[in-house]
Chemist: 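First the structure, which I've put down as structure tokens, then a few questions once you've had a look.
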Amino acid sequence: MNLLDNLNAQQREAVTAPAGPVLVLAGPGSGKTRVLTHRIAYQISQLGIPPAAIMAVTFTNKAAREMGNRVEELLTNSVHQSNMGTFHAFSAGVVRREANLLPVTREFVIFDDADQLSIMRKILKDMNIDPKQSPPRRIQNIISAAKNELIEAPDFAANNYFNEIVRRVYELYQQKLLDNNALDFDDLLLYAVKVLRENQSVLEAYRRRYRTILVDEFQDTNTAQYTLLRLIAGENPDLFAVGDPDQSIYRWRGADYRNVLRFLEDFPGAQTILLEQNYRSTQNILDLGMAVIDKHPGRQRKALFTDRGAGELIKFHEAYDEQDEANFVLDQIQSIADDGGYDLGDMAVMYRTNAQSRILEEAFLRAGQPYRLVGAQRFYGRREVKDLVGYLRLIHNREDQVSLLRVINTPPRGIGGKTISSFLQAAEDAHVSPATILDQLATDPNAALFDRFPRRGGQALAEFGKHLKQWRAMSSEIELGNLIDRILQDTHYHAYLDDGSEEGAERWENLLELRSLAQEFTELGMSIFLEHIALISDQDTLTDGQSAPTLLTLHAAKGLEFPIVIIIGLDDGLIPHQRSFDEPEAMLEERRLFYVGITRAKDRLVLVRCFRRRFFGTSSTAEPSRYLNDLPADLLEGDVAGILTREQSAYNRQTDWNLQPMRESVESKFNVGMRVKHAKFGEGIVMDSRVDQDDEEVTVEFEEYGIKILAASVANLERNGD
DNA sequence: ATCACAATACTTTTT
DNA sequence: GTATTGTGAT
């Protein structure tokens, strides 16, 4: 069988295009990834290029794996997947191989979001910067953006007071990372570029090695990634990039769809191939998508077409609130499965923010409906998992202070705040790293150092240091899984978790799962294992198996397709998100994001919004998404009349309160004037009380503490009988 | 030093 | 609703 058989003429042209830069611009569902994987397979089989000569990079681990799998399917002989990966994974490899040219050792660890934030907070504290005025998150984002533009601390333009602060924090932050022998995500790219730029011989080695380069999701590359490509590609590259500017949704991460234009400028001889035929969606879905994206100014209009026929109308539904929304989703899933003959695994529910998944999950759980959840700290963000990974990281890289502080007293071993601060002070005074102090305490029971600590604290530190030493010695001798067993045993971690609750048992299960994952890395070693954990996105924690609907964010949906797609939360403030309101470029991205969501659907699309929505903890009426106004009415069915403004909502037009779904409402327990008693605030008088959804909010004037607003479910408030 | 409870502060999207 | 911090009791 010819591997080009299932491509059309246009796609075939792209795949067999002669060596030289090629840019494939294609609409959704035009088989971009398919073209890309065929191109890889074609290069390998027809041109006799060894897999190692191909560098194929994309955005997510999942896409990378899929790319590898598909190529493997196409070719009978299996392909080394080491050549397929994400930019970050590729860069991590470069940094590790060339560590001797960089200010880290090969044992460096990758700091995740939480790690970064924790050192950022510490720096702000040390510098006496008010975290209220300069939020650590915001500074971190600015530094991240700078790194993605390849701007290092000394070159950071301090053009105003705030940026001057950022510049100083940036410097310290970078120093701190290196002190920890650590890099953040952005550093992986930055340092890979640095080492290639500054070392001609290294660069040439990579250029010789990777003669063919392929990029997926090209519209989402940032400056660092594009620079990396250009460096390795050289002057006259066999470079093949695939992308769609309409689907650029990572601008906030430094991605710049203008790299598409830069590509054409940098490589004037490049061929551009446009793919407009869509093989995924029905014409109705495509038309709806185009109605949304055509309102996007300054883009090249694409006339997407399909020969799949019009298909079903797009269903729109207005739910009362998010509970009702979740129930509607369940309903739809059930009825489409029953009537439409679809498999539950064919369906996806998409939303703008991860927080929206919770309500869905609860509803699914209640209904006994299994689901697959993509994204959001599902596994690796768990406390117990982070603890164990912290131990491993610390064993692997003794300078990792973030991990050290995380595990030094977890489980509690008598090393409290006081002991820790004198411990860190001791390290600072002696101008050595905390790891060295710990070593000294562990080795020499009579060290003068002990005088600096409370007796018990010093002993506990020494104990901990001894364990660490042992584990380190073992780590090169025994298998990763056994090392984990040993750590868990020595720390009595099971006992620490086991509080008899279901949650404790669940946490222990998670650790066992991590252990079995570690087992798979026995051959590859701890270094690769830790890198894998850092770079993996939770996309990969998606537990396959039985067919169940998938829940995921619109961002996570990129590159995927499902026969049935339900997009929820079509309210202003969510889609588009409130945080984008005052930034025109960000608003455009929201529109593209909605477009991406729409075009994931093959057969049927359902759009849902809520009349009421709980935004922080309080519920209020929501305005329908402004994008709903762009949808042609003749493509829609359902509660179409309610989509214009909140005044037109069915829940408003009818003053029939029975429309509100039945719910368990709490009885008001407190009345105005009632005397009450609070555990802390003492006695007081109820000034006001109102029942909001499932809780009662009581305003009390206390005799000594003044007026407080309390939630009856949380506060320990009692009626004072007399 | 540790725990339990309660008040507070914070929520976009991800490698 | 959830994560983090703060406080008082043991």
Side-chain angles (χ1 to χ4, degrees), chain A residues 57-64 85-92 110-114 116-118 121 131-132 135 137 141 144 147-148 183-189 217 220-222 224-225 249-255 322 350-356 358-359 362 374-377 381 383 409 411-420 454 456-457 460 499 531 534-540 552-558 569 573-581 586 589-590 592-593 596-597 614-619 678-681 693-695 708-711 713-717:
Chain A
V57 280
T58 176
F59 202 67
T60 59
N61 290 297
K62 203 170 174 217
T86 61
F87 280 99
H88 283 90
F90 177 82
S91 304
I110 300 167
F111 272 10
D112 68 16
D113 214 47
Q116 291 173 42
L117 219 52
S118 115
R121 287 214 179 90
K132 285 250 163 57
R137 240 268 104 80
N141 283 338
S144 168
K147 285 182 175 181
N148 284 325
L183 297 178
D184 64 22
F185 288 121
D186 308 310
D187 282 337
L188 295 175
L189 302 171
E217 307 286 7
D220 282 321
T221 52
N222 61 32
Q225 289 161 338
I249 53 173
Y250 284 99
R251 196 190 72 97
W252 51 275
R253 246 183 56 185
E322 52 267 87
M350 301 177 186
Y351 36 82
R352 178 65 233 267
T353 67
N354 282 305
Q356 290 172 264
R358 209 199 61 254
I359 313 252
E362 283 167 4
V374 179
Q377 308 267 303
R383 202 165 51 235
N409 200 33
R413 52 172 72 88
I415 303 175
K418 221 167 180 103
T419 311
I420 289 175
R456 285 220 311 248
D499 53 358
E531 183 183 305
L535 292 181
I536 204 172
S537 69
D538 289 287
Q539 320 247 341
D540 302 80
L552 73 180
T553 63
L554 288 166
H555 282 88
K558 192 175 74 151
L574 274 176
I575 308 175
H577 197 276
Q578 198 151 16
R579 294 279 264 237
S580 301
F581 280 177
E589 184 145 308
E590 297 288 322
R592 296 195 294 268
L593 187 60
V596 166
R614 212 168 245 272
F615 258 115
F616 286 93
T618 45
S619 135
H678 184 266
K680 186 174 168 192
F681 301 131
Q693 300 269 330
D694 45 5
D695 202 357
K708 300 271 176 196
I709 298 172
L710 305 165
S713 65
V714 190
N716 207 340
L717 199 62

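We name chains A, B, ... by the order of the sequence lines, and we start the count at 1 in each one.
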Chemist: Go through C/dG1, B/dT15, B/dT14 for me and flag the one nearest to the A/Y250 side chain.
Modeler: B/dT14

Chemist: Roughly how many Å apart are C/dT4 and B/dT13, using the P atom of each and rounding to a whole number?
Modeler: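 Roughly 16 Å separates the two P atoms.
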
Chemist: At less than 4.0 Å, is any side-chain N or O atom of A/T60 found next to OP1 or OP2 of B/dT14? Yes or no.
Modeler: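 No, A/T60 has no side-chain N/O under 4.0 Å of OP1/OP2 on B/dT14.
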
Chemist: In terms of the nearest nucleotide of DNA chain B, which residue is placed more toward the 5' end: A/F87 or A/R579?
Modeler: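 Closest to the 5' end, via its nearest nucleotide, is A/R579.
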
Chemist: Can you name the residues that form a side chain to side chain contact (heavy atoms under 4.5 Å, CB included) with A/I420, not counting sequence neighbours?
Modeler: A/L405, A/I408, A/I415, A/L424

Chemist: Stacking check: are the rings of A/W252 and B/dT13 less than 5.5 Å apart at their centres and under 30 degrees in tilt?
Modeler: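 A/W252 vs B/dT13: stacking yes.
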
Chemist: Could you tell me how far apart A/R137 (CZ) and B/dT14 (P) are, to the nearest whole angstrom?
Modeler: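 Spelled out: CZ on A/R137 to P on B/dT14 is 12 Å.
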
Chemist: Evaluate A/E322 against A/R614 for side-chain contact (heavy atoms from CB on, under 4.5 Å), listing each step before the verdict.
Modeler: CA-CA 8 Å; A/E322 52 267 87; A/R614 212 168 245 272; 3.4 Å; yes

Chemist: Which residues satisfy the side chain to side chain contact (heavy atoms under 4.5 Å, CB included) test with A/R383, sequence neighbours excluded?
Modeler: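 Side chain to side chain contact (heavy atoms under 4.5 Å, CB included) check on A/R383 returns A/D387, A/R406, A/R507.
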
Chemist: Quick one: is B/dT15 close enough that its OP1 or OP2 comes under 4.0 Å of any side-chain N or O from A/N222?
Modeler: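 So the side chain of A/N222 is outside the cut-off, no N or O lying under 4.0 Å from OP1 or OP2 of B/dT15.
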
Chemist: Can you name the residues that form a ring pair (Phe, Tyr, Trp, His ring centres under 6.0 Å) with A/F185, not counting sequence neighbours?
Modeler: none

Chemist: Return the value, rounded to whole Å, for the distance between atom CZ of A/R383 and atom C1' of C/dA3.
Modeler: 10 Å

Chemist: Hey, which sits more toward the 5' end of DNA chain B by its nearest nucleotide, A/S580 or A/H88?
Modeler: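 Looking at the nearest nucleotide for each, A/S580 comes out on the 5' side.
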
Chemist: If the condition is side chain to side chain donor-acceptor pair (under 3.5 Å), which residues does A/R137 pass it with, not counting sequence neighbours?
Modeler: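 Counting only residues at least two positions away or on another chain, A/R137 forms a side chain to side chain donor-acceptor pair (under 3.5 Å) with A/D113.
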
Chemist: Only counting residues at least two apart or in another chain, list the ones meeting salt bridge (charged side-chain N to carboxylate O under 4.0 Å, His left out) with A/E217.
Modeler: A/K558

Chemist: Rounding to an integer number of Å, can you tell me how far A/E322 CD sits from C/dG1 C1'?
Modeler: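 Rounded to the whole Å, the gap is 11 Å.
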
Chemist: Sort me out a list of protein N/O and nucleotides 1-3 of chain B N/O pairs below 3.5 Å, or just none if empty.
Modeler:
residue : atom : partner : partner atom : Å
B/dA1   : OP1  : A/T419  : OG1          : 3.3
B/dT2   : OP1  : A/G414  : N            : 3.0
B/dT2   : OP2  : A/N409  : ND2          : 3.0

